[in-house]
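Since this is a predicted model, take the numbers as computed values, not measurements. So that the names make sense, note that chain A is the first sequence line, chain B the second, and so on, each numbered from 1.
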Amino acid sequence: EFRCLCSNLYTPRETRYPEGIKWKFLEHKGPVFAPPYEPLPENVKFYYDGKVMKLSTKAEEVATFFAKMLDHEYTTKEIFRKNFFKDWRKEMTSEEKSTITNLSKCDFTHMSQYFKAQSEARKQMSKEEKQKIKEENERLLKEYGYCVMDNHKERIANFKIEPPGLFRGRGNHPKMGMLKRRIMPEDIIINCSKDSKIPSPPPGHKWKEVRHDNKVTWLVSWTENIQGSIKYIMLNPSSRIKGEKDWQKYETARRLKKCVDKIRNQYREDWKSKEMKVRQRAVALYFIDKLALRAGNEKEEGETADTVGCCSLRVEHIKLHPELDGQEYVVEFDFLGKDSIRYYNKVPVEKRVFKNLQLFMENKQPEDDLFDRLNTSILNKHLQDLMEGLTAKVFRTYNASITLQQQLKELTNPDDNIPAKILSYNRANRAVAILCNHQRAPPKTFEKSMMNLQSKIDAKKEQLADARRELKSAKADAKVRRDEKSKKTVESKKKAVQRIEEQLMKLEVQATDREENKQIALGTSKLNYLDPRISVAWCKKWGIPIEKIYNKTQREKFAWAIDMAEEDYEF
DNA sequence: CTTCTGACTTAGCACTTTAAGC
DNA sequence: GCTTAAAGTGCTAAGTCAGAAG
C-alpha cells in the first residue's frame with residue numbers, strides 16, 4: 001500500500017481511482033509568463049558592416065539572444081548561424097531585411113559586453129538588493145508554485161513558462177539556432193477541475209482553451225514552435241501523483257526479477273528460431289538486458305540529431321571481431337545515444353549471438369538497419385505477452401536496481417567507518433552509472449582542483465610525519481622521566497597522530513572518489529533507476545544517516561520509500 | 001500495418017547557493 | 001571574513017510508449 005507523506009503526518013492514500021482517472025479536484029493559478037522584453041539603453045550599439053545601426057524592438061530582441069551566446073561555441077557553428085539568421089530576418093522590418101544580408105558583418109560585441117557588465121553588476125549587488133530579489137521569488141513561488149490536487153497542496157515542478165531564446169539542441173542538431181518564440185496566454189491550455197477557481201489570464205488576454213480532463217496529470221500545456229511538440233506544466237516529484245507512479249515503476253521491475261530467468265531462457269532459445277524476425281527480437285532483447293541499452297524508437301530524419309538506441313542500431317554502429325585481445329566473439333559498439341552521448345563498448349557475446357549478427361549484416365550497407373525486421377512497437381508487444389506491464393525500459397530499471405543491491409552487498413565492509421562506507425555506496429552507484437552509460441563532461445576546473453587536493457594531501461602527510469616524530473620523542477621523554485605530566489603528553493600526542501591519520505584518510509578517500517567520478521554522472525541513476533528502498537534499507541542497516549545519501553530534494557522525492565523500507569528490504 | 005499525437009519519464013548542462021578551507 | 005570547490009537546483013531537451021488515426 002502506497003502512503004504519502006503530508007504535513008509530517010502519515011495518511012493512508014485515498015481509495016484508488018477507477019482506471020485512468022488521475023484526480024477529482026484540481027485548482028491552480030496558471031503559469032508565470034516570461035518577463036517582457038526590455039529594450040537596450042540608447043548607448044548600447046549594434047554595428048552592421050562597421051556602422052552603427054538602430055534596430056527595431058523585435059529585431060533587437062532576437063539580436064540580444066545571439067549576443068548573449070557569443071562566447072559559446074554554438075555561435076561559430078554553421079548550422080546554428082544559418083538557422084539563427086533565417087529566423088532573425090523574419091523578425092526584421094523590410095528596411096532592416098534589405099540592409100542586413102550577411103551575419104558575418106553583424107557586430108554584437110558591444111551588446112555582449114553590456115550583458116556581461118550587467119551580470120557582473122548583479123553579482124556585486126548589496127545584500128539588501130539580493131534579499132529583495134529573493135523575497136520576490138519566494139512570493140512568486142508561494143502564489144504560483146503550488147496547486148491543490150484532491151485533498152493535498154502540492155508543489156508544481158515548472159510553473160514558469162520557458163522564455164524566448166535561441167534553440168540549443170544537443171549534439172549535431174539540425175535545428176540549432178532557430179528562434180524559440182515567446183509564449184503568450186493565447187497559446188496556453190489550462191487544465192483544472194470544473195468546480196475549481198479557474199485561473200485568470202493576464203489583463204487584456206485570454207487563454208487558448210480551458211479544459212477539465214482528469215485523465216491527465218498536467219495543469220498547463222502549450223505547443224512549442226521548434227519541433228511542434230507539446231510542453232507541459234506538471235507536479236513536483238514530491239507529489240502524490242508522481243511518487244505513486246515512481247513506486248509502481250519499481251514494483252514492475254521487481255516483478256521482472258521474478259520472471260527474468262524464464263525470459264532469458266526464452267530469448268536464448270529464440271536465437272535459434274527459423275523466423276528472422278524472432279531471432280532479431282531475441283538478439284535485441286539480449287542487448288537491452290545485458291547492456292542496458294534503450295529501446296531505440298525511429299526518429300524523423302533531419303528533425304533531430306542522429307542518435308540511436310537498440311532497435312534503431314545500424315550496421316555502421318557495430319564491428320564484429322571473431323577474436324580480440326584474447327577474447328572470442330567480441331562486438332564493438334560505437335554509436336551516439338540519447339543526448340548524443342557516445343556509447344563505446346567492446347563486449348564478448350555468445351557464439352550464437354555473434355553468428356546471428358553476422359547473418360543480420362549480410363548484404364547490407366553501413367547505413368542500413370541492423371534489425372531490419374524489428375522496431376520498438378514489435379518488441380514491446382512481445383514483452384507485454386511475457387509479463388504484464390513489461391517494456392524495454394523496465395530492463396534498465398531492473399538491472400540498475402539489482403546491480404546496486406548486489407554491489408552494496410559486495411562492497412560494504414562492516415568494519416569501515418561512515419566516510420568509507422559512503423565511498424562504497426558511491427562505488428556501487430558508480431557501477432550502475434557505468435552500466436547505464438551516464439556520462440558528463442569533466443568539470444572545467446577538474447585538473448586544477450585535483451592538483452589542489454593533491455597538495456593538500458602532501459601537506460597532510462608532512463604534518464603526520466611531524467606528529468609522529470613528536471610522539472616518538474614524547475615517548476622517549478616519558479620513559480626517562482616516568483612522571484604523570486609526560487605520560488599525559490604522550491597521550492595527547494597519540495591522539496594528535498590519530499586525528500591527522502583520519503584527516504589524511506578522508507582526503508585520500510575524497511581524491512579517489514573524485515578521480516573515479518571524473519566523467520561519470522551519478523545523479524541520473526540515483527534519481528531515475530535505483531529503487532530508493534534499497535538505499536534506505538542500506539542506510540538503516542549500517543547506521544548511516546539518510547542525509548548522507550539523499551539531499552533535501554531527494555528526500556522529498558523519495559519520502560514514500562523512506563517511510564516504507566526497513567533494513568531487511570530486498571529488491 | 002504505418003504514421004502521428006499526446007503524455008509522461010529521463011537527461012546533461014548552466015547557474016546559484018552553500019560549505020569548506022584558508 | 002574571503003575565496004574556492006562542491007552541492008544543489010532550475011531548465012528544458014530528448015527520450016519511451018500507448019493509443020488514435022489513416
Step through it carefully: locate the ring centre of A:F108, locate the ring centre of A:F66, and say whether they are under 6.0 Å apart.
-> yes
Can you tell me if the side-chain N/O atoms of A:K22 get under 4.0 Å from OP1 or OP2 in B:dC8?
-> yes
Rounded to the nearest Å, what distance is computed from the CD1 atom of residue A:I230 to the C1' atom of nucleotide C:dA13?
-> 16 Å
Closest to the A:Y232 side chain: C:dT16, B:dC8, B:dG12?
-> B:dC8
Name the closest nucleotide to the A:K231 side chain, picking from C:dG10, C:dA13, B:dA7.
-> C:dA13
Hey, does the side chain of A:H72 come within less than 4.0 Å of B:dA14's phosphate (OP1/OP2), counting only N and O?
-> yes
Would you kindly give the CD-to-P distance between A:Q554 and C:dG8, to the nearest whole Å?
-> 7 Å
First of A:D339 and A:R168 reached from the 5' end of DNA chain B, by closest nucleotide | A:D339
If you measure from the Lys or Arg side-chain nitrogens to the Asp or Glu carboxylate oxygens, is any gap between A:E275 and A:K277 under 4.0 Å?
-> no
Short side-chain N/O contact from A:N158 to OP1 or OP2 of C:dC11, under 4.0 Å = no
Is there a donor and acceptor pair, one atom on the side chain of A:K338 and one on the base of B:dT10, closer than 3.5 Å?
-> yes
Does A:T524 place a side-chain N or O at less than 4.0 Å from the phosphate oxygens OP1/OP2 of B:dA11?
-> no
Trace of the salt bridge (Lys or Arg N to Asp or Glu O under 4.0 Å) decision for A:K132 with A:E135 | CA-CA 5 Å; A:K132 220 175 154 190; A:E135 277 165 21; over 6 Å; no
Just call it for A:Q439: base, sugar-phosphate, or nothing, with non-hydrogen atoms closer than 4.0 Å on any strand.
-> sugar-phosphate
Under 4.0 Å between a side-chain N or O of A:N528 and OP1 or OP2 of B:dT9?
-> no
A:K393 NZ to B:dT9 C1', straight-line distance once rounded to whole Å = 6 Å
Distance in angstrom units between A:N297 CG and B:dT9 P, rounded = 16 Å
Electrostatic pair A:R314-A:D306, nearest N-O below 4.0 angstrom | yes
Can you check whether A:H173 has a side-chain N or O nearer than 4.0 Å to OP1 or OP2 of C:dA13?
-> no
C:dA18 OP1/OP2 closer than 4.0 Å to side-chain N/O of A:S377 | no
What integer distance in Å separates A:I156:CD1 from B:dC8:C1'?
-> 17 Å
Pick base, sugar-phosphate or nothing for A:T217, based on heavy-atom distances below 4.0 Å to the nucleic acid.
-> sugar-phosphate
Could you please name the option among C:dC11, B:dT10, C:dA18 that lies closest to any side-chain atom of A:K249?
-> B:dT10
Look at the side-chain N and O atoms of A:T307 and state whether any lies under 4.0 Å from the OP1 or OP2 oxygen of C:dG15.
-> yes
A:W218 side-chain proximity, nearest of B:dA7, B:dA11, C:dG15 | B:dA7
Heavy atoms under 4.0 Å, any strand shown: does A:K180 hit a base, just sugar-phosphate, or nothing?
-> sugar-phosphate
Send over the distance from A:L219 CG to B:dC8 P, rounded to a whole Å.
-> 11 Å
Does A:K142 come within less than 4.0 Å of A:E138, counting only side-chain N to carboxylate O?
-> no
Would you indicate, yes or no, if B:dT9 has its OP1 or OP2 atom less than 4.0 angstrom from a side-chain nitrogen or oxygen of A:K242?
-> yes
Using a cut-off of less than 4.0 Å, is there contact between a side-chain N or O of A:N551 and OP1 or OP2 of C:dA7?
-> no
Please report the C-alpha distance between A:E136 and A:R139 in whole Å, then the side-chain angles of each, then the deciding distance to 0.1 Å, and finally whether the salt bridge (Lys or Arg N to Asp or Glu O under 4.0 Å) criterion is met.
-> CA-CA 5 Å; A:E136 171 60 18; A:R139 195 189 63 75; 3.2 Å; yes
Looking at the side chain of A:R294, which of C:dA14, C:dC17, C:dG15 is the nearest nucleotide?
-> C:dG15
Just checking A:A305: base, sugar-phosphate only, or nothing, at a heavy-atom cut-off of under 4.0 Å?
-> nothing
Starting at the 5' end of DNA chain C, which residue's closest nucleotide do you reach first, A:K552 or A:G389?
-> A:K552
Nearest-angstrom distance from the residue atom CZ of A:R342 to P of C:dA14 | 20 Å
Select base, sugar-phosphate, or nothing to describe what A:G296 touches, counting heavy atoms under 4.0 Å on all strands.
-> sugar-phosphate
Just checking A:P237: base, sugar-phosphate only, or nothing, at a heavy-atom cut-off of under 4.0 Å?
-> nothing
Stepwise salt bridge (Lys or Arg N to Asp or Glu O under 4.0 Å) check, A:K29 with A:E143 = CA-CA 7 Å; A:K29 288 295 208 77; A:E143 182 166 6; 3.2 Å; yes
Short side-chain N/O contact to B:dA14 OP1/OP2 from A:R170, under 4.0 Å = no
Distance below 4.0 Å between A:Y529 side-chain N/O and B:dA11 OP1 or OP2 = yes
Between A:N375 and A:I341, which is nearer to the 5' end of DNA chain B once each is assigned its nearest nucleotide?
-> A:N375
d(NZ, A:K381; P, C:dC17) in whole Å | 13 Å
Any ion pair linking A:R182 and A:E61 (charged N to carboxylate O, less than 4.0 Å)?
-> yes
